[in-house]
Amino acid sequence: MKIFAETERLILRELMPTDAEGMFEMNSDPDVHLYLGNKPVKSIGQSIAEIEFIRKQYIENGIGRWAVIEKATGNFVGWSGLKLIKEVTNNHINYYDLGYRFSKRFWGKGYATETAVAARDYGFTELKLNEIIGIADINNLGSIHVLEKVGLKRIAIFDYDGIKHHWMKIEKSV
């Protein structure tokens, strides 16, 4: 099991099949999916498939979302990190997206910002990226705030599956 990054309170490691229950708790909650198209998962099998899909990204792309684990408790909090997007979005392709998703019981603890900083730094130092993109529903003020706190700037508003989203970006400082 590879650990990609650590923060003061969290371990960011590869997602494992044993994370399925935590993924199901997170992704079956309608509140978690409020700004994600309102499509919560209905079975643990869907969570197992999602983990397999992300693990395949590690092999094919060298990166994918990471499991977020509380150091103090060992609890699965959710996922965070970078993902290589190979489909056209807002007229862009082959870009690295910074994202995060957590079970509701872990909201409000600053974990999104903590993990976003770690992912941003990993992208610039380890992956040698020149820029990182963030996408957020224009009504998801919490996520927009996190992306801005870690340095992403609002570039444009675009239509993503019929919903207005911010296209945000941070470039590597020279």
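Since the model is a prediction, treat every value here as computed from it, not as a measurement.
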Residue pairs, two or more places apart or on separate chains, that pass ring pair (Phe, Tyr, Trp, His ring centres under 6.0 Å) and touch residues 30-60: F4-Y58
Working for side-chain contact (heavy atoms from CB on, under 4.5 Å), residues D19 and F24: CA-CA 9 Å; D19 296 321; F24 181 69; over 6 Å; no
Close side-chain approach of F102 and W107, heavy atoms under 4.5 Å: yes
Closest heavy-atom pair and its distance - A20, I48: CB-CG1, 3.7 Å
Side-chain heavy-atom pair T113, V150 within 4.5 angstrom cut-off: yes
By salt bridge (charged side-chain N to carboxylate O under 4.0 Å, His left out) - contacts of E70 (at least two apart): none
side-chain hydrogen bond (donor to acceptor under 3.5 Å, both in side chains) partners of T18, counting only residues at least two apart: none
Listing, residues 131-139 side-chain donor-acceptor contacts under 3.5 Å, not counting sequence neighbours, or none:
{"unit_1": "D137", "atom_1": "OD1", "unit_2": "N139", "atom_2": "N", "d": "2.7"}

Verdict with supporting geometry, W66 and L82, side-chain contact (heavy atoms from CB on, under 4.5 Å): CA-CA 8 Å; W66 304 324; L82 299 170; 5.7 Å; no
Within residues 33-42 or reaching into it, pairs that qualify as salt bridge (Lys or Arg N to Asp or Glu O under 4.0 Å) - sequence neighbours excluded: none
Between CD on residue Q57 and CD1 on residue I63, distance to nearest 0.5 Å: 9.5 Å
Side chains of I170 and K153 in contact at under 4.5 Å (non-hydrogen atoms): no
Main-chain N/O of R105 paired with S103 side-chain donor or acceptor, under 3.5 Å: no
From CG (L34) to CG (D31), nearest 0.5 Å: 7.0 Å
Residues that K86 engages under side-chain hydrogen bond (donor to acceptor under 3.5 Å, both in side chains), provided they are two or more places apart: N61
S80 to A116 - nearest heavy-atom pair and separation: OG-N, 4.2 Å
Pair T89, Y95: side-chain N/O donor-acceptor within cut-off below 3.5 Å: yes
D161: partners by salt bridge (charged side-chain N to carboxylate O under 4.0 Å, His left out), with sequence neighbours left out: none
Nearest atoms (heavy-atom pairs only) where W79 meets R65: CZ3-NE, 3.2 Å
Any L98 side-chain heavy atom under 4.5 Å of L152 side chain: yes
Atom pair CD/CE of E50 and M23 - distance to nearest 0.5 Å: 3.5 Å
H165 NE2 to I144 CD1 distance, which is reported to the nearest 0.5 Å: 9.0 Å
S143: side-chain hydrogen bond (donor to acceptor under 3.5 Å, both in side chains) partners, not counting sequence neighbours: Y100
F124 vs R120 side-chain heavy atoms within contact, under 4.5 Å: yes
Results of ring pair (Phe, Tyr, Trp, His ring centres under 6.0 Å) for H166 - residues two or more places apart only: none
Distance in Å, I69 CD1 paired with R13 CZ, rounded so as to fall on 0.5 Å steps: 4.0 Å
Heavy-atom pair of closest approach, residues V77 and Y111: CG1-CD1, 3.6 Å
By salt bridge (charged side-chain N to carboxylate O under 4.0 Å, His left out) - contacts of D121 (at least two apart): none
Flag for Q46-N27: side-chain donor and acceptor within less than 3.5 Å: no
Reported NZ-to-CG distance for the pair K104 and D29, which is rounded to 0.5 angstrom: 4.0 Å
With sequence neighbours excluded, residues passing salt bridge (charged side-chain N to carboxylate O under 4.0 Å, His left out) with K71: E6
By ring pair (Phe, Tyr, Trp, His ring centres under 6.0 Å) - contacts of H92 (at least two apart): W167
Student check: side-chain heavy atoms of L10 and T115 closer than 4.5 Å: yes
Nearest non-hydrogen partners of M168 and E148, listed with the distance: CE-CG, 3.5 Å
Where A118 and A5 come nearest, the two heavy atoms and their spacing: CB-CB, 4.2 Å
Minimum side-chain heavy-atom gap E52-K56 below 4.5 Å: no
Note: K169-E171 ion pair, threshold 4.0 Å (strictly below): yes
